[in-house]
There are 2 protein chains.
Amino acid sequence: MKQRNTIQKRLVLEAVAALLNHPTADDVYQRIAMNHPNVSRGTVYRNLNALVQCNTLLKISMPDAADRYDIDTHLHYHLKCKNCGEFLDIELPEMAEMLSKIEDKSGFLIDRFDLVFKGICADCREKQIVQDNTSKL
Amino acid sequence: MKQRNTIQKRLVLEAVAALLNHPTADDVYQRIAMNHPNVSRGTVYRNLNALVQCNTLLKISMPDAADRYDIDTHLHYHLKCKNCGEFLDIELPEMAEMLSKIEDKSGFLIDRFDLVFKGICADCREKQIVQDNTSKL
DNA sequence: GTGGCTGCAAAATGTTTGCACGGAT
DNA sequence: ATCCGTGCAAACATTTTGCAGCCAC
């Protein structure tokens with residue numbers, strides 16, 4: 001169960017750190033392939049999983065899209081703009097209270113949930129409004 | 001854009017209604033295939049999508065698993081037991097407040113999010129505790 | 001030296017799609 | 001008569017895996 005320090009694992013971790021904005025496995029693979037074309041996709045996936053396992057990376061499950069990875073493993077949440085694709089972090093301390101409310105209600109002991117909010121970011125909303133007004137002229 | 005009334009679409013809707021507990025596309029296909037082996041998987045998927053589109057069904061995106069479908073389209077949430085697989089509904093009226101809090105914080109206009117809580121249900125917890133005590137004897 | 005890690009390719013999984021035909025409107 | 005929906009199979013996207021050799025420990 002002890003993990004070895006391979007060059008490939010280091011490359012994967014470096015790539016996730018370098019690629020801001022929560023890269024997908026393929027983003028990581030592409031980035032590594034630039035300088036190390038012999039590293040295989042399977043190895044990238046295996047190392048991503050291993051790093052998630054040992055809590056060095058966080059896996060963000062994306063419905064209807066490839067999963068993403070985050071170097072920031074502290075408890076936080078994500079927002080994705082459907083328009084420009086921006087993907088950003090959000091703190092939600094009030095979520096803890098919600099969870100205990102759910103546990104009380106259901107009798108469940110919750111140990112994980114995946115949560116990505118999708119919508120339109122402030123910038124895109126502004127542009128949209130400007131566009132709407134323009135089209136009225 | 002007008003949808004036609006085909007036998008296949010009726011079969012899909014009937015199957016989702018008959019299969020309680022939020023069936024997957026394959027559950028629906030299997031059920032229909034029992035009596036109508038000529039209906040194809042593609043048709044089941046296309047009809048499920050069409051029914052979601054017109055708000056007759058709700059699609060529940062499941063991370064790391066096949067998506068599920070729900071005849072109950074009113075706003076509610078889901079809990080899945082990792083132990084026995086039970087999948088049940090939960091009402092969370094307080095989620096609305098959380099959403100407006102997020103919109104205020106982020107400037108996003110949120111239009112969807114998928115949320116399935118995973119944990120251990122009350123029954124399984126009880127059994128687990130009994131088992132733990134037994135093993136101490 | 002040994003056993004985990006790698007590269008490669010194949011497979012698994014879940015879902016969509018191109019096409020020619022058939023059926024609902 | 002239109003043209004949307006169907007069955008079929010192939011394609012797709014993402015991820016996992018079997019295997020033989022390699023390398024970190």
Side-chain angles (χ1 to χ4, degrees), chain A residues 1-16 19 22-54 56-70 80 85 87 114 116, chain B residues 1-16 19 22-54 56-70 80 85 87 114 116:
Chain A
M1 195 59 76
K2 177 89 168 296
Q3 286 195 20
R4 287 187 184 172
N5 276 330
T6 61
I7 297 163
Q8 291 86 346
K9 175 173 294 176
R10 186 174 48 78
L11 288 172
V12 166
L13 192 51
E14 282 175 5
V16 176
L19 293 164
H22 318 80
T24 63
D26 196 60
D27 292 337
V28 173
Y29 170 71
Q30 296 296 342
R31 162 130 192 147
I32 294 175
M34 288 185 340
N35 299 317
H36 303 83
N38 49 322
V39 173
S40 74
R41 249 191 196 81
T43 296
V44 170
Y45 275 100
R46 274 186 285 227
N47 277 308
L48 285 170
N49 284 338
L51 290 165
V52 168
Q53 210 68 45
C54 71
T56 306
L57 291 180
L58 181 73
K59 180 175 184 167
I60 312 168
S61 284
M62 301 288 297
D64 305 316
D67 293 341
R68 290 161 172 257
Y69 296 87
D70 198 339
K80 179 172 168 50
F87 194 88
D114 301 285
V116 176
Chain B
M1 193 61 74
K2 176 88 166 298
Q3 286 195 21
R4 288 186 182 172
N5 276 329
T6 62
I7 297 163
Q8 290 84 345
K9 175 172 293 177
R10 185 173 49 76
L11 289 172
V12 167
L13 192 52
E14 283 175 3
V16 176
L19 294 163
H22 316 81
T24 63
D26 195 60
D27 293 337
V28 173
Y29 170 71
Q30 296 297 342
R31 163 131 191 147
I32 293 174
M34 288 184 341
N35 298 317
H36 302 83
N38 48 322
V39 172
S40 74
R41 249 190 195 80
T43 295
V44 170
Y45 275 100
R46 275 186 286 229
N47 277 309
L48 286 170
N49 284 338
L51 290 165
V52 168
Q53 210 67 47
C54 71
T56 306
L57 291 180
L58 180 74
K59 180 177 183 167
I60 312 169
S61 286
M62 300 289 296
D64 306 316
D67 294 341
R68 290 161 171 258
Y69 296 87
D70 198 338
K80 180 172 166 50
F87 194 88
D114 301 284
V116 176

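Here is the naming used below: chain letters follow the sequence lines, and residue numbers restart at 1 for every chain.
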Sorted by chain and residue number, the side-chain contact (heavy atoms from CB on, under 4.5 Å) partners of A:Leu11 (sequence neighbours excluded) come out as A:Ile7, A:Glu14, A:Ile32, A:His36, A:Val39

note: A:Asp64, atom CG; C:dG14, atom P; distance rounded to Å ~ 14 Å

One would report the end-axis bend of the helix from C:dG1-D:dC25 to C:dT25-D:dA1, five pairs per end and rounded to 10 degrees, as 40°

The complete set of salt bridge (Lys or Arg N to Asp or Glu O under 4.0 Å) pairs with one or both residues in residues 31-47 of chain B, sequence neighbours excluded, reads B:Asp26-B:Arg41

Across all chains, not counting sequence neighbours, the side-chain contact (heavy atoms from CB on, under 4.5 Å) partners of A:Asp70 are A:His22, A:Leu58, A:Ile60, A:Asp72, A:His76, A:His78, A:Asp89

Notebook entry, point to check: Just wondering, do A:Tyr69 and A:Asp27 contact through their side chains at under 4.5 Å, heavy atoms?
Noted result: no

Taken to the nearest whole Å, CZ/B:Arg68 to P/C:dT15 is 12 Å

Across all chains, not counting sequence neighbours, the salt bridge (Lys or Arg N to Asp or Glu O under 4.0 Å) partners of B:Lys59 are B:Asp67

A:Lys80 meets the side chain to side chain donor-acceptor pair (under 3.5 Å) criterion, sequence neighbours left out, with none

Within residues 40-47 of chain A, those residues having any heavy atom closer than 4.0 Å to DNA chain D are A:Gly42, A:Tyr45, A:Arg46

Sorted by chain and number, sequence neighbours left out, side chain to side chain donor-acceptor pair (under 3.5 Å) with B:Thr43 holds for B:Ser40

Expected list for residues 25-38 of chain B near DNA chain C, using heavy atoms below 4.0 Å, is none

Those residues at least two apart in sequence (or on a different chain) that pass side chain to side chain donor-acceptor pair (under 3.5 Å) with B:Ser61 are none

Protein and nucleotides 22-25 of chain D: nitrogen or oxygen contacts under 3.5 angstrom:
| residue | atom | partner | partner atom | Å |
| --- | --- | --- | --- | --- |
| D:dA24 | N3 | A:Arg4 | NH1 | 3.4 |
| D:dC25 | OP1 | A:Asn5 | N | 3.4 |

Short heteroatom pairs, N/O only, protein and nucleotides 10-13 of chain D, under 3.5 Å:
none

